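In this text, all values refer to a predicted model and were calculated from it rather than measured experimentally. Chain A is the first sequence line, chain B the second, and so forth, proteins listed ahead of strands; every chain is numbered from 1.
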Protein chains: 2
Amino acid sequence: MSLKNAILVLLEGKPGTGYDLAQRFRGGIGQFWSASHQQIYQELKALGQDGLVEFELQEQASRPDRKHYRITAEGRAALKAWLEGPWKPERISSAILLRLYAANLADSAPVLEELDRNLAQFRDKLAEYLQQESSHLARSGRSSLRQALVYVSLRFGIRNLQSWIMLLAEVRALLTQGRVPERPALDELGPAGGAGRP
Amino acid sequence: MSLKNAILVLLEGKPGTGYDLAQRFRGGIGQFWSASHQQIYQELKALGQDGLVEFELQEQASRPDRKHYRITAEGRAALKAWLEGPWKPERISSAILLRLYAANLADSAPVLEELDRNLAQFRDKLAEYLQQESSHLARSGRSSLRQALVYVSLRFGIRNLQSWIMLLAEVRALLTQGRVPERPALDELGPAGGAGRP
DNA sequence: GGATCATATGCAACATATTGCATATCAGTC
DNA sequence: GACTGATATGCAATATGTTGCATATGATCC
């Protein structure tokens, strides 16, 4: 139901090919929505049949032809209706969280291996986001609603990553030293942080 | 692939009926995994055919008969193997986040309505979790690994809720006053908080 | 007395997502 | 000269999840 809308949001921002969209799903919005290229192409086809998007075929000499999609007026209306519609409660499912929760049932060696790989990845991503945040702060005097929304979403993403890193670090400590650290080890967190302990 | 494992984790903790599991998915573990009863019954059937769980039929006079499931040795082995196996990168998808991100494309009145409903719900849930946290802290001297994992998961859930509440409050301020609040309005957050600004 | 909720399980149809495969070319690396 | 990665699109089979319906009873609310 909402991959459809995710695509419409992206195309509203800027027209592009299915391939472009797949790229964009890996950046920014990837934080809260992503999809494989197979899914995207299928969905674009369906959206086209419903008249919510349209495309222009751009023939290319060497590379395969590209279908350059853009949102239609009808598409914009459908998106607006969805945005203004009721929110359904969301079903969370995270296999990683499940594994951590049940980590006592496994040998810790293999779990720690994966945990460390993920910890490193999360830290890299956090560094990236923090950089984006500071460059946003640098260029912002008075920002539009659009920009402000992008900014608060980014901050949300940062907090989430920090929270994940903290969890992984805590579980790591539990599995290696058998204790919960008093002050979780998170020195490299930078600004835009968490809830602020009273 | 992992509803299967989520069920095994639950049954490992304590045997029960499909109905029981559905209940439990709404509490604690609901934070990171949940499923409808239809899915659960189907999965239990499949797990039974694979020999990972078994059940005992308890006939009841008035109520429908219950199938009391428990995990088998084979089930435990399969779960352990999964827990020690590789972690796949997770695909995030949140329709709510998507809506907030694109909130500039909609009339704010209907968005604010849903936003406020959700804000209230999140705050209620947070209060609940905070209570669970303090009761956990009260009874804990030296805790087992199992208990510690439950505790860090709970804290993770608390941080996430706080982060959501912060986001919703920020978007709310943007839509009503057109600005990002300097210090997000979040006085009722209590302990177990965020990342701690340096 | 009727409505709703909790208990308890399940089928069937449909929607959505994942996995594997297929095609085609250019650029750069080993 | 072979392999990998970026560009660009797509089909088909399978797996997973959602929605609607069906059954049956006791308890509680209004």
**Q** Should the heavy atoms of other residues, nucleotides or ligands under 6.0 Å from CD of B:E113 be counted, would the total exceed 12?
**A** no
**Q** Please answer whether the main-chain N or O of A:R159 pairs with a side-chain N or O of A:S163 as donor and acceptor at a distance below 3.5 Å.
**A** no
**Q** Between protein and nucleic acid, restricted to nucleotides 18-20 of chain C and to nitrogen or oxygen atoms under 3.5 Å apart, what atom pairs and distances do you find?
**A**
from, atom 1, to, atom 2, distance (Å)
C:dT18, OP2, A:Q39, OE1, 3.4
C:dT18, OP2, B:R91, NH1, 2.8
C:dT19, OP1, B:K88, NZ, 3.3
C:dG20, O6, A:Q38, NE2, 3.3

**Q** Below 4.0 Å from chain A heavy atoms, what is the first contacting nucleotide of DNA chain D and what is the last?
**A** D:dA6 to D:dT19
**Q** Going by number, which of residues 5-23 of chain B have a non-hydrogen atom under 4.0 Å from DNA chain D?
**A** none
**Q** Bend across the helix from C:dG1-D:dC30 to C:dC30-D:dG1, to 10°, with axes taken over 5 pairs at each end?
**A** 40°
**Q** Can you list the other members of the hydrophobic cluster that holds A:Y41, where links are side-chain heavy atoms under 4.5 angstrom apart?
**A** A:Y19
**Q** Nearest 0.5 Å, what's the CD1-CG distance between A:I158 and A:L130?
**A** 4.5 Å
**Q** Hey, does A:W87 have a side-chain heavy atom less than 4.5 Å from the side chain of B:R99?
**A** yes
**Q** List the steps and the verdict of side-chain contact (heavy atoms from CB on, under 4.5 Å) for A:L100 and B:F156.
**A** CA-CA 11 Å; A:L100 295 177; B:F156 179 78; over 6 Å; no
**Q** With sequence neighbours excluded, give me every salt bridge (Lys or Arg N to Asp or Glu O under 4.0 Å) pair touching residues 74-83 of chain A.
**A** A:E12-A:R76, A:K80-A:E84, A:K80-B:D107
**Q** Among residues 47-54 of chain A, which residues get a heavy atom nearer than 4.0 Å to DNA chain D?
**A** none
**Q** Listed by chain and number, what are the side-chain contact (heavy atoms from CB on, under 4.5 Å) partners of A:Q39, not counting sequence neighbours?
**A** A:L3, A:A35, A:S36, B:R91
**Q** When you match B:H68 and A:W33 each to their closest nucleotide on DNA chain C, which lands nearer the 5' end?
**A** B:H68
**Q** I need the CZ-P distance between B:R66 and C:dT7, as an integer number of Å.
**A** 10 Å
**Q** When you compare the side chain of A:E128 with that of A:Q132, does any pair of heavy atoms fall below 4.5 Å?
**A** yes
**Q** Please report, to 0.1 Å, the donor-acceptor pairs under 3.5 Å made by any side chain of residues 22-32 of chain A, with sequence neighbours excluded.
**A**
from, atom 1, to, atom 2, distance (Å)
A:R24, NH1, A:L10, O, 3.1
A:R24, NH2, A:K14, O, 2.5
A:Q31, OE1, A:G157, N, 3.4

**Q** Under the side-chain contact (heavy atoms from CB on, under 4.5 Å) rule, collect the residues that match up with B:Q42, sequence neighbours excluded.
**A** none
**Q** Taking only residues two or more places apart in sequence or in another chain, which ones pass side-chain contact (heavy atoms from CB on, under 4.5 Å) with A:L145?
**A** A:L149, B:N104, B:L174, B:L175
**Q** Any sub-3.5 Å donor-acceptor pair from B:D124's side-chain atoms to B:Q121's backbone N or O?
**A** no
**Q** Residues in side-chain contact (heavy atoms from CB on, under 4.5 Å) with B:E90, at least two apart?
**A** A:S94, A:A95, A:I96
**Q** Using atom types as modelled and distance alone, determine if a side-chain donor or acceptor of B:T17 lies under 3.5 Å from a backbone N or O of B:D20.
**A** yes
